[in-house]
Amino acid sequence: MQPSILQQDFYAQPALVVARELLGAVLVSRLDCGEVMRARIVQTEAYHQHDRACHAFGGRKTKRNAVLFEAGGVAYVYFVYGMHWMFNVVTGDCGTAEAVLIRAVVPVDGATTIARNRGFTSANPAPAVPERWLDGPAKLAQGLGLSGRHNGLVLDGSAAVWLQVGAPVADDRVRTGPRIGVDYAGADALLPWRFWLA
DNA sequence: CGAAAGATTAGCT
DNA sequence: GCTAATCTTTCGA
């Protein structure tokens, strides 16, 4: 195992800590054919079973959210709106549901493959700046080829997806605010659990 | 078994 | 700013 790959001791931390620390880290996806794509994380959101926006609110375990209750260090990938995959990393201890949603990344390696995955063509041109290629949770899952078959995979470098340590990010470059698309969570929708790079 | 809603996006007004 | 697209999961009867 390479030392730069984030391991279980990192993911065992609370989701709020991991969400902050993942800014600047590198998300890596490897296809069966061996092609590798890398992208730098610039926006995350934390979820915890104490909060109404979490799929496992109140500790409610279902078939879909079961991996949230595993020990930190596995992927939680689910399908929404009939068309989009969302990629999360599970954090914390076994038995408690916590996770961090990766909301936006910037391509580092594998731009050709990413462009193909995103379906860029002359009729559907790639954005001029790379920052716009994967600037949403569904876009980055599509671009990096992440989907339901990644659900539950360990992130230690032995499977098709993992994360690497990135350049340190100073606190003065970190912004926080309410999470996106969770209005149904009432007061919990106002929690400043979204983190992004200025 | 039926129904509703969803951690979004793209395209149009 | 508004809404269609699209379908799995979850919940109520």
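Chain naming here is simple, since letters A, B, ... match the order of the sequence lines and numbering starts at 1 in each. Bear in mind the structure is a predicted one, so any value in this text is a computation, not a measurement. Hydrogens, waters and symmetry mates play no part in the numbers below; they use all other heavy atoms, side chains included.
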Sequence neighbours left out, cut at 3.5 Å: what donor-acceptor pairs do the side chains of residues 97-111 of chain A make with other protein atoms?
residue, atom, partner, partner atom, Å
A/Glu98, OE1, A/Ala15, N, 2.6
A/Asp109, OD2, A/Arg38, NE, 3.2

task = Using salt bridge (charged side-chain N to carboxylate O under 4.0 Å, His left out) as the criterion, list what pairs up with A/Arg132, not counting sequence neighbours.
result = A/Asp135
ask   = So what does A/Arg118 touch, heavy atoms closer than 4.0 Å: a base, only the sugar-phosphate, or nothing?
value = sugar-phosphate
Nearest-0.5 Å distance that lies between atom OG1 in A/Thr112 and atom CZ in A/Phe120 = 12.0 Å
message = Using the ring centroid of each side chain, check whether A/Tyr78 and A/His55 are separated by less than 6.0 Å.
response = yes
message = Would A/Arg20 pass as a cation-pi partner of A/Phe195, given that its NZ or CZ must be under 6.0 Å from the six-membered ring centre and within 45 degrees of the axis?
response = no
query = Counting only N and O atoms by type, is there a donor-acceptor contact under 3.5 Å from the side chain of A/Arg52 to the main-chain atoms of A/Gly58?
reply = no
request  = Give the dot-bracket string for DNA chain C, reading 5' to 3', where a pair is Watson-Crick or G-U wobble with both distances under 3.5 Å, ( ) marks pairs inside the strand, [ ] marks pairs crossing earlier ones, | marks a partner on another strand, and . marks unpaired.
outcome  = |||||.||||||.
message = Strictly distance-based, threshold 3.5 Å: is any side-chain N or O of A/Arg149 a donor or acceptor partner for the main-chain N or O of A/Leu146?
response = no
message = Using a 4.0 Å heavy-atom cut-off to protein, can you give one letter per nucleotide of nucleotides 5-13 of chain C, 5' to 3': B if the base is in contact, S if only the sugar-phosphate is, - if neither?
response = BBBSSSS--
request  = Hey, which sits more toward the 5' end of DNA chain B by its nearest nucleotide, A/Asn124 or A/Gly181?
outcome  = A/Gly181
query = With a non-hydrogen cut-off below 4.0 angstrom, is A/Ala53 in contact with a base, only sugar-phosphate, or nothing?
reply = base
task = Could you list where the contact with chain A starts and ends along DNA chain B, reading 5' to 3', using a 4.0 Å heavy-atom cut-off?
result = B/dG6 to B/dA10
message = Suppose you measure atom P in C/dT6 against the same atom in B/dG2; what distance do you get, rounded to whole Å?
response = 23 Å
request  = May I ask you to decide if A/Arg60's main-chain N or O and A/Gln49's side chain share a donor-acceptor pair within less than 3.5 Å?
outcome  = no
inquiry  = Closer than 3.5 angstrom, by distance alone: can the side chain of A/Asn65 be matched with the main-chain N or O of A/Cys54 as a donor-acceptor pair?
reply    = no
key: Between OG1 on residue A/Thr91 and CD on residue A/Gln8, distance to nearest 0.5 Å   = 10.5 Å
request  = Please state the P separation for the pair B/dA7 and C/dG1 - nearest whole angstrom.
outcome  = 22 Å
Residue list, side chain to side chain contact (heavy atoms under 4.5 Å, CB included) with A/Leu191, at least two apart or on another chain = A/Asp51, A/Arg179, A/Asp188, A/Trp193
